[in-house]
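Naming convention: chains lettered A, B, ... in sequence-line order (proteins, then strands); numbering from 1 in each chain.
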There are 2 protein chains.
Amino acid sequence: MSNCRTINLDRHARIFKALSNPHRLEIFTILTGCCEPGTLCSTDKMLSCCVGDLDSQLSIASSTLSHHLKELNHAGLIEMQREGKQIFCSINPSTLAEVTALFSTRR
Amino acid sequence: MSNCRTINLDRHARIFKALSNPHRLEIFTILTGCCEPGTLCSTDKMLSCCVGDLDSQLSIASSTLSHHLKELNHAGLIEMQREGKQIFCSINPSTLAEVTALFSTRR
DNA sequence: TCTACAATTCGACATGTTTCGAATTGTAAT
DNA sequence: ATTACAATTCGAAACATGTCGAATTGTAGA
């Protein structure tokens with residue numbers, strides 16, 4: 001029988017928790033380059049930007065931003081890599097695909 | 001111009017917060033009748049059940065369950081209606097569609 | 001090596017969340 | 001009315017989260 005429900009429950013809950021804070025959701029939204037549901041806008045915008053770029057858009061302390069980025073990263077939603085003095089953030093496409101699939105199977 | 005990002009941010013964050021708790025996510029999963037991502041399983045299962053039905057599957061105090069149901073309800077994810085002594089819960093299809101759309105527009 | 005810039009870690013505080021048991025409300029049957 | 005069942009509300013305790021400023025680490029250039 002085995003409960004197929006409980007297997008990914010904690011993992012998925014962690015992903016949703018990462019998206020449950022308005023600032024983190026905004027970061028996620030900036031990085032996906034997406035605006036309104038139903039629209040594919042800003043297709044030509046950058047899909048990766050450094051921590052400072054995000055900092056200038058968010059009106060929170062940079063230490064707070066750091067904290068949020070770590071949460072998104074630990075949830076597997078974003079990737080971060082250093083380039084010189086800066087650290088660039090981008091969406092982790094496989095996690096995004098996973099969450100998308102999660103919803104597309106529900107009615 | 002105008003920031004199209006911030007409009008639904010708080011609302012969507014509230015929805016994700018509702019899904020960020022393993023127990024609430026399990027309730028949501030039970031009510032969608034869905035199991036694993038990528039599969040459309042248990043198509044013939046009930047998509048609505050009463051609070052007691054959920055209670056028997058969750059090993060938490062019924063007062064805690066009540067609390068979680070209220071959160072899901074306030075986030076717009078589920079609907080609840082009394083039938084005699086029982087209260088039946090079901091997925092709110094429009095919110096589910098909204099969240100699904102949210103992800104299907106991101107790359 | 002000094003300096004400046006980019007970003008993180010640390011400590012502290014206020015606030016919010018999860019959980020329970022006990023008491024309460026609402027509904028229906030005896 | 002009384003009883004029994006279904007579910008919620010309440011109050012309290014333990015725990016987690018969001019936020020900041022100050023101090024720290026890491027990187028590159030003068």
Side-chain angles (χ1 to χ4, degrees), chain A residues 6 9-31 46 48-92, chain B residues 6 9-31 46 48-92:
Chain A
T6 56
L9 223 72
D10 286 346
R11 167 171 167 72
H12 291 153
R14 239 177 289 124
I15 291 174
F16 290 131
K17 175 170 279 172
L19 296 174
S20 75
N21 174 281
H23 289 138
R24 286 197 295 268
L25 186 53
E26 185 163 16
I27 294 166
F28 179 78
T29 305
I30 292 171
L31 292 176
M46 63 184 171
S48 163
C49 57
C50 75
V51 176
D53 291 338
L54 294 168
D55 202 21
S56 63
Q57 302 181 58
L58 286 179
S59 47
I60 51 175
S62 58
S63 56
T64 306
L65 173 57
S66 245
H67 166 72
H68 286 320
L69 289 174
K70 192 155 67 173
E71 300 250 316
L72 286 165
N73 185 243
H74 285 169
L77 282 163
I78 68 169
E79 288 161 350
M80 306 175 72
Q81 63 182 337
R82 175 146 238 150
E83 284 182 31
K85 276 192 279 194
Q86 298 168 0
I87 294 181
F88 280 80
C89 308
S90 58
I91 292 290
N92 181 340
Chain B
T6 56
L9 243 129
D10 287 347
R11 167 172 167 71
H12 292 153
R14 241 177 287 124
I15 291 173
F16 290 130
K17 173 169 279 170
L19 296 174
S20 75
N21 174 281
H23 290 139
R24 286 197 294 269
L25 186 52
E26 186 163 16
I27 295 166
F28 180 78
T29 306
I30 292 172
L31 291 177
M46 63 183 171
S48 164
C49 56
C50 75
V51 176
D53 291 338
L54 294 168
D55 201 21
S56 62
Q57 303 181 56
L58 286 180
S59 47
I60 51 175
S62 58
S63 56
T64 307
L65 173 56
S66 245
H67 166 71
H68 286 319
L69 289 174
K70 190 155 68 171
E71 299 249 317
L72 286 165
N73 185 244
H74 285 169
L77 282 163
I78 68 170
E79 288 160 351
M80 307 176 72
Q81 62 182 339
R82 178 148 235 148
E83 285 181 32
K85 275 193 279 194
Q86 297 169 1
I87 294 180
F88 280 80
C89 307
S90 59
I91 291 290
N92 180 340

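The B:S62 side chain lies nearest to D:dT8 when the options are D:dT8, C:dC20, D:dT9. Listed nucleotides: C:dT8, D:dC20, D:dA7. Nearest to the side chain of A:I60: D:dC20. Distance from the side chain of A:S63 is smallest for D:dG21 among the nucleotides C:dT17, D:dG21, D:dT8. Side chain of A:T64, nearest nucleotide from D:dT19, C:dC20, C:dT18: D:dT19. Candidate nucleotides C:dC20, D:dC20, D:dA6 were compared by shortest atom distance to the side chain of A:A61, and D:dC20 ranks first.
Ring geometry for A:F16 against B:F16 counts as parallel: the plane angle stays under 30°, on a 0 to 90° scale with 60° as the upper cut.
When heavy atoms are screened at a 4.0 angstrom cut-off, B:H68 is found touching the sugar-phosphate backbone but no base atom. Within 4.0 Å (heavy atoms only), B:N21 reaches sugar-phosphate atoms of the nucleic acid but no base atom.
At whole-Å resolution of the value, CG in B:D55 and P in C:dT19 are 13 Å apart. If you take CG of A:L65 and C1' of C:dT8, they are 11 Å apart, rounded to a whole angstrom. Distance A:D53 CG to C:dC5 P: 17 Å, rounded to the nearest Å. Rounded to an integer number of Å, the gap from CG of A:D10 to C1' of D:dA16 is 16 Å. The nearest whole Å value for the distance from the CD atom in A:E71 to the P atom in D:dA16 is 13 Å.
In this structure, B:S20 OG and A:L19 CG are separated by 10.0 Å, a value rounded to the nearest 0.5 Å. In this structure, A:N92 CG and A:M80 CE are separated by 13.0 Å, a value rounded to the nearest 0.5 Å.
Nearest-nucleotide assignment on DNA chain C puts the 5′-proximal partner with A:G52, out of A:G52 and B:H67. If A:K17 and B:Q86 are placed on DNA chain D by their nearest nucleotide, the residue sitting closer to the 5' end is B:Q86.
Counting all heavy atoms, side chain and backbone alike, B:I78 lies closest to B:N73 at O-ND2, 2.9 Å.
For D:dT17, the OP1/OP2 oxygens have no side-chain nitrogen or oxygen of A:R24 closer than 4.0 Å. For A:K70, a side-chain nitrogen or oxygen approaches OP1 or OP2 of C:dT9 to under 4.0 Å.
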Can you check each nucleotide of nucleotides 23-30 of chain D against protein heavy atoms at under 4.0 Å and return B for base, S for sugar-phosphate only, - for none, in 5' to 3' order? ---SBS--
